[in-house]
Amino acid sequence: MEERYNPQAVEEKWQKRWEQEGTFTCNEDGKKPKFYLLEMFPYPSGRIHMGHVRNYSIGDVVARHKKMRGFNVLHPMGWDSFGMPAENAAIENKIHPATWTRTNIATMKKQLQRMGFSYDWQREISTCEPEYYRWEQLFFLWMLKKGLAYKKEALVNFCESCQTVLANEQVEGGLCWRCQKEVKQKQLEQWFFRITQYAEELLTDTDKLTGWPEKVLTQQRNWIGKSVGCHVYFPMENGTEALSVFTTRQDTLFGASFMLIAAEHPRVTEIAKGKDNEAEVIAFVKKVKKQDRVLRTAENYEKEGVFLGCHCINPLTGKKMPIYAANYVLADYGTGCVMAVPTHDQRDFEFAKKYELPLIVVIQPPDKALNITTMTEAYTEEGVLVNSGQFNGMKNTQAMEIIADYLEQEGKGKRAVQYRLRDWGISRQRYWGAPIPLIYCDKCGVVPVREEDLPVLLPQGVQITGEGKSPLATLPEFVNTTCPQCGGPAKRETDTMDTFVESSWYFNRFCSPKEEKAPGLNTQKVHYWMPIDQYIGGIEHAIMHLLYSRFYTKVLRDLGVLNFAEPISRLLTQGMVCKESLTCPEHGYLYPNQVENSRCTICGREVVVGKTEKMSKTKKNVIDPDTLVQLYGADTVRVFCLFAAPPEKDLEWSDQGIEGSYRFLNRVWRIVMEHLDLIADIEKYHGNEDLPEPLRNLRKKTHQTIRKVSSDLEDRFRFNTAISAIMELVNALYLLEKSHDTLTRRVVRETVEAILSLLAPIAPHIAEELWGRIGNKDMLVTSQWPDYDRNVASEEEITIVIQINGKVRSRIAVPADENEENIKKTVHEDERIIRALADKILVKEIYVPGKLLNIVARD
RNA sequence: GCCUGGGUGGCGGAAUAGGUAGACGCAAGGGACUUAAAAUCCCUCGGCGCUUGUCGCUGUGCGAGUUCGAUUCUCGCCCCAGGCACCA
């Protein structure tokens, strides 16, 4: 009896071999072209889930394929190991974040190794270790020196009952997730990176990112949100400091009939001071501060405001404009003040109607006359200026520049560019992050930690309760220090850095993971490998992680560390693996294995099936691949993940179908074993003579499959269709009758080799095993990707579709090089076409070479 | 709400430059092999209709449009997902 496919044995054997031989260890020297392939490193949340497996299976196919294509491939893996879940685990299970994190890393590393991914594990990094974050602290100091890091007040979510700062994720419907009390906004001094200084470069460089998906670039451009307009100065009637406004609609300036200031803007309380309704204003400001920032500016959100008892002057009309504090204006965009033009802005229109404020039409549409008493909505289209003094009669689009010129001449305004992008707040009032290396001295102020004193280590002995101030602030031995400048007593900064900082430069560190000299990056090595040739990760990182990484790269360039401006040449954003979340009314989110017959296994209550969303530890809607690996082996899991959908598409998880992938690998195993004795010691066919038809067809299919799989892997990243094609080739091989004839054996050998080579990046273990069994001495993983012969792959006969008025009526088979004239002749001899055209008049014929002939006919 | 994507059989998906809709696989049904089961192999498989055919109509979220021809392009709508600056 033939030996059966035993994935566990095969996979463990080859994983050991690859490790022993250092197959995936790489270095800089070598004559091959370099290829840096990187997948987004995981947060070590506990166990690998299907989202990771999908991401890393895709990456591994590319890495192994590139290796077979002759590239010197860098394919590293590491851990984005600072973050909130470690602290949550500490609160829940009283386990130290470091212990929890390192245990998770060990587990997940084992899981990844069992998947057979081709990582160079010698380069493994973990961002929570001082060897990593010490350089980040150094970069912080350098950024501070350049003014790229600075401190300012900013709002945080604060729960007064827990006395702690909450992440957005920890606020559920405006309430604290732990105590259900109302969450307040609190002003805190926080550190920021001046990403806005790079806004223009980040924007213009998107044009250079030709290897990025357009949708990601569009999202980044919109996020940066450049708008071109003017600052306009509105003098106060009482002579105090004029209000400066940013507008992109200076053409509507004559229609500005009132002024709006963001409720949380410091100017609001200042202006209202001593006014009759000061108390009312203060109450309003308090109320708005509680409103959700996102909702507040929504189009259909109730617009609210309060009169500040004061006017400013329209600089062009000289008219008095009442000043209101409003909820739909944001303090941190533009100047925080907006000139309201109710006739030509919908939100201002609604506000004006509500508070009975004056309307002035300044743009007249071409087809109708606007009337302020009958208008039901703002007119936001183009038109001709009216009520606009010397600019009357101009098209509003033309008046843009002219009015801007006028404002500049008169000193009443200035052209200006505004970005929606805000500076990157990096302070976190948390323990499990990189400490910000600063010291506060009563005498010297803010003093940077001396470079030679880095790293500022995270202290170990800490109690994490989820309540009270930042954990570091509770440790006197950490907080109390001496000032590096004056030697007097001083206190350390107790905030840690946003974990996005670590992931903004880790790809550089992979190039010299053990570098101990400042700045932790060996320039020669980094410049050999960088930029990343192919980056692969979830679409959910389209904006923040990828934008921060681009920014940080430009900063490191300007700090003289790097010599390039963009870290990623080609980007593949994979869709998410989604699954519905399950919640128990008593126990919250549940893992799939905590549910039986739609009941919670802890308390027996009925579970609520939530919406389908990306797999995450928080939602517990994760699938652990281990059981699948145990059942079917890593190769099957890899094939299944790749076969289920194209990489960019979201994948709603269902384990239906994994049997099919397993069956396919079994079919591959069996067909090779069946032919083993016939093909083991024979050379593959590579001649030119005329073959009998079944062999000719098999060869054709073989070469077509090589062509198809090559282009699917290389150009299209369509692994699902690549696998389909290999399946078809395997099916074709099954249809061939076995024979001892030498020619057949040689052609079969060619096909089998092709199947195994094409399968090598996708299901590497089984391919490697069978490759050895058919008598190859060298490993498949380091062998060459197969070539195809165009002539062998080409079809000698093609099908031409015949349509009448766009509907398929017949098909004819013709030689591939048949000319149009002969095809038309054959078509008109086709019985079904003759019948269909019997009572019709031929109008015209459209011939698409090699594809179809459409006959347009009428009755 | 805003920004960005997506929607094709019972299911996952295919159709690569506007040109054969449903490749490949799953599930289901029928059959072969077997004492039996598993495994394997073969057949059927979008819907409706009939004269059961190399048949007709219909069909790619919904409604319109452009075109000889639209899953593909344009406009409007519905639904789903991602992001919205402290989840990573």
Side-chain angles (χ1 to χ4, degrees), chain A residues 4 40 42-43 45 80 83-85 88 156-157 165-171 190 213-216 218-223 225 293-301 421-430 498-500 503 538-545 547-548 573 575-576 578 611-614 616-619 640 643-646 648-652 654 656-661 663-664 666-667 670 708 711-712 715-716 718 720-721 723-728 731 734 799-808 810-811 831-832 843-846 848 851-857:
Chain A
R4 288 185 60 172
M40 291 178 186
Y43 177 78
S45 57
D80 189 11
M84 258 190 356
N88 295 338
V156 291
N157 302 311
V165 175
L166 298 175
N168 289 341
E169 195 192 41
Q170 298 170 322
V171 180
Q190 310 212 58
E214 202 51 44
K215 62 175 172 184
V216 174
T218 311
Q219 282 185 83
Q220 293 213 348
R221 289 180 191 126
N222 290 341
W223 184 261
R293 221 191 116 89
V294 173
L295 283 176
R296 221 175 102 182
T297 52
E299 212 168 84
N300 60 357
Y301 198 79
L421 182 69
R422 305 201 302 265
D423 276 336
W424 174 12
I426 57 140
S427 293
R428 297 291 181 271
Q429 294 69 45
R430 307 199 182 284
D498 179 6
T499 57
F500 271 124
S503 55
I539 182 66
E540 71 270 27
H541 293 295
I543 299 176
M544 303 185 69
H545 162 59
L547 192 67
Y548 290 153
T573 48
M576 273 149 307
C578 300
K611 62 173 189 169
T612 301
E613 53 200 324
K614 69 166 168 171
S616 76
K617 176 89 181 193
T618 336
K619 299 266 164 29
F640 179 56
F643 184 60
E648 319 82 56
K649 219 186 132 127
D650 286 348
L651 194 60
E652 200 175 321
S654 137
Q656 290 223 324
I658 189 150
E659 291 276 351
S661 300
R663 218 172 290 162
F664 165 62
N666 270 291
R667 275 169 72 76
R670 253 182 291 119
K708 166 88 178 143
S711 91
D712 277 355
D715 321 318
R716 298 209 313 153
R718 299 299 278 262
N720 54 335
T721 52
I723 294 169
S724 294
I726 303 171
M727 283 174 171
E728 285 186 47
N731 291 346
Y734 264 94
T799 305
I800 302 286
V801 166
I802 311 158
Q803 298 182 330
I804 294 175
N805 296 332
K807 280 185 184 165
V808 180
S810 188
R811 295 176 172 88
E831 262 180 56
R832 288 152 64 204
V843 180
K844 63 170 165 174
E845 291 178 331
I846 292 134
V848 183
K851 289 253 165 83
L852 62 74
L853 182 78
N854 188 13
I855 303 167
V856 184

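Computation of the quantities below employed the complete heavy-atom set of this structure, encompassing side-chain atoms and omitting hydrogens, waters and symmetry-equivalent molecules. So you know, we letter chains A, B, ... as the sequences are listed, proteins then strands, and number each from 1.
Salt-bridge annotation for Arg718(A) and Asp712(A): absent, with no side-chain N of the basic residue lying under 4.0 Å from a carboxylate O of the acidic one. Under 4.0 Å is where a charged nitrogen must lie from a carboxylate oxygen, and between Arg221(A) and Glu214(A) at least one such pair does.
For Asn168(A), taking side-chain heavy atoms from C-beta onward, the closest of the listed nucleotides C86(B), A15(B), C84(B) is C86(B). Minimum atom distance to the side chain of Met727(A) is reached by G25(B), of the listed G7(B), U4(B), G25(B). Checked against U20(B), G19(B), A23(B), the side chain of Ser724(A) finds its nearest nucleotide in A23(B). Nearest nucleotide to the Val848(A) side chain, out of A14(B), U4(B), G19(B): G19(B). Side-chain proximity of Glu613(A) to G12(B), G13(B), A81(B): nearest is A81(B).
Between Lys807(A) and G56(B) there is no side-chain polar atom (N or O) within less than 4.0 angstrom of OP1 or OP2. Distances shorter than 4.0 Å separate none of the side-chain N or O atoms of Arg422(A) from OP1 or OP2 on C86(B).
With rounding to whole Å, Met544(A) atom CE is found 8 Å from C87(B) atom P. The separation between Gln803(A) atom CD and U67(B) atom C1' is 13 Å, rounded to whole Å. Protein atom NE2 of His541(A) is 10 Å distant from nucleotide atom C1' of C87(B), rounded to whole Å. The interatomic distance linking Ile726(A) (CD1) with G25(B) (P) rounds to 13 Å, in whole Å. One interatomic measurement links the two molecules: CD1 of Ile723(A) to C1' of A14(B), which rounds to 14 Å at whole-angstrom precision. We find that CD of Glu214(A) is positioned 12 Å from P of U4(B), with the value rounded to whole Å. Rounded to whole Å, the distance from CG on Asn720(A) to C1' on G13(B) is 7 Å.
Straight-line distance between the P atoms of C73(B) and A15(B): roughly 14 Å, to the nearest whole Å. Comparing the P positions of A23(B) and C11(B) gives a spacing of 15 Å, expressed to the nearest Å. Spacing between C62(B) and G6(B) at atom C1', rounded to whole Å, works out to 16 Å.
At a threshold of 4.0 angstrom between heavy atoms, the contacts of Trp223(A) include nucleobase atoms, whether or not backbone atoms are also involved. Within 4.0 Å (heavy atoms only), Phe500(A) reaches at least one base atom of the nucleic acid. Residue contacts shown for Val843(A) are absent, as no nucleic acid heavy atom lies under 4.0 Å away. Within the 4.0 angstrom heavy-atom criterion, no nucleotide atom of any strand lies near Pro42(A). Within 4.0 Å of Val801(A), counting heavy atoms only, lies at least one base atom of the nucleic acid. At the heavy-atom level, Ser45(A) lies nowhere under 4.0 Å from the strands shown. Within the 4.0 angstrom heavy-atom criterion, base atoms lie near Ile846(A). Residue contacts shown for Gln190(A) include a base, since a base heavy atom lies under 4.0 Å away. Among the heavy atoms of the strands, none lies under 4.0 Å from Lys619(A). Note on Ala645(A): only backbone sugar-phosphate atoms sit closer than 4.0 angstrom, heavy atoms only; bases stay farther off. At the heavy-atom level, Val171(A) lies nowhere under 4.0 Å from the strands shown.
Nearest-nucleotide mapping onto RNA chain B: of Arg811(A) and Asp650(A), the residue sitting toward the 5' end is Arg811(A). Along RNA chain B, the nucleotide closest to Glu540(A) and the one closest to Tyr548(A) are compared, and the more 5′ of them pairs with Glu540(A).
Within the 4.5 Å cutoff, no side-chain heavy atoms of Ser661(A) are placed close to those of Phe664(A).
Donor-acceptor pairing under 3.5 Å, judged by distance alone, is present between the side chain of Gln429(A) and the base of C86(B).
G9(B) adopts a syn glycosidic conformation, its chi angle falling within 90° of 0.
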Close N or O pairs between protein and nucleotides 39-45 of chain B (under 3.5 Å):
residue : atom : partner   : partner atom : Å
C41(B)  : OP1  : Arg667(A) : NH1          : 2.2

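Residues satisfying the side chain to side chain donor-acceptor pair (under 3.5 Å) test with Trp223(A), not counting sequence neighbours, are none.
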